[in-house]
Every structure is written in structure tokens, then in C-alpha cells.
Amino acid sequence: MIAATGNGTKKFDMGLGWLLLKKNNNVMLHGGGTGCFSSFLEIDKAKKVASVVLANYRLARNDDEHIGMSLLESLQGSKRCV
């Protein structure tokens with residue numbers, strides 16, 4: 001993926017429509033929603049773990065992102081991922 005360079009003040013870079021964590025470009029994420037549905041996907045390529053949040057109820061702004069990021073952090077810290 002190609003990441004756009006930024007001014008260093010943002011938390012994310014952009015790569016082909018995916019957000020890339022500035023502190024670790026091995027982690028990419030994407031989310032969105034329409035109507036009463038929302039979704040979020042975050043992948044850590046280096047650790048080979050991912051989190052997915054799918055909701056058939058419109059969550060508050062960025063709630064799906066917060067849930068997904070917390071889940072991925074838990075998976076990254078676990079010694080054995082299933």
C-alpha cells in the first residue's frame with residue numbers, strides 16, 4: 001500500500017482508501033455505515049490478527065471504531081490467537 005505523507009499531526013495516513021496507523025503502518029482499518037447499519041474492520045498484518053464489528057443498529061459516532069480498536073489491542077497482546 002502507498003501511504004500519503006502528512007504534516008505529522010494526524011493519527012492516520014491514507015492508503016488506497018484504507019486508514020493506516022501512523023505509529024504502525026502494518027495496522028490498517030476501514031469503517032462506515034448507512035441507514036441503521038455500521039461496520040468496522042482493522043487488520044494487523046505483522047501479527048496476523050484482525051477485528052471486525054458489524055452492527056444492525058446505528059451506533060454512536062465512532063463507537064464501532066472504539067470497539068474494534070479495543071478488540072484488536074486485546075488480540076495483539078494475547079499469546080495465542082484463535
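In this chain, numbering begins with 1 at the start of the sequence shown.
Nearest heavy atom pair, residue Gln76 against residue Lys47, reads O-NZ, 3.5 Å. Annotation for Asp64 and Ser39: closest pair OD2-O, 3.2 Å, computed over non-hydrogen atoms. Heavy atoms only, all atoms of each residue included: Ser51 and Gly68 are closest at OG-O, 2.9 Å.
In this structure, Leu19 CG and Asn25 CG are separated by 11.0 Å, a value rounded to the nearest 0.5 Å. Rounding to the nearest 0.5 angstrom, the gap separating the CD atom in Glu73 from the CG atom in Leu71 is 10.0 Å. Taking CE from Met28 and CG from Asp44, the interatomic distance works out to 9.5 Å, rounded to the nearest 0.5 Å.
Between the Ser38 side chain and the Thr34 main chain, no donor and acceptor come within less than 3.5 Å of each other.
In this structure, the side chains of Glu42 and Leu75 stay at 4.5 Å or more apart for every pair of heavy atoms. In this structure the side chain of Val27 never reaches within 4.5 angstrom of the side chain of Leu20, judged on heavy atoms.
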Q: Take Leu21 and Leu29 through the test side chain to side chain contact (heavy atoms under 4.5 Å, CB included) and record every step on the way to the result.
A: CA-CA 8 Å; Leu21 284 183; Leu29 53 126; 4.2 Å; yes

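The hydrophobic clustering, which links ILVMFWY residues whose side-chain heavy atoms are closer than 4.5 Å, places Phe40 and Phe37 apart.
Among residues two or more places apart in sequence or in another chain, the ring pair (Phe, Tyr, Trp, His ring centres under 6.0 Å) test is passed with His30 by Trp18.
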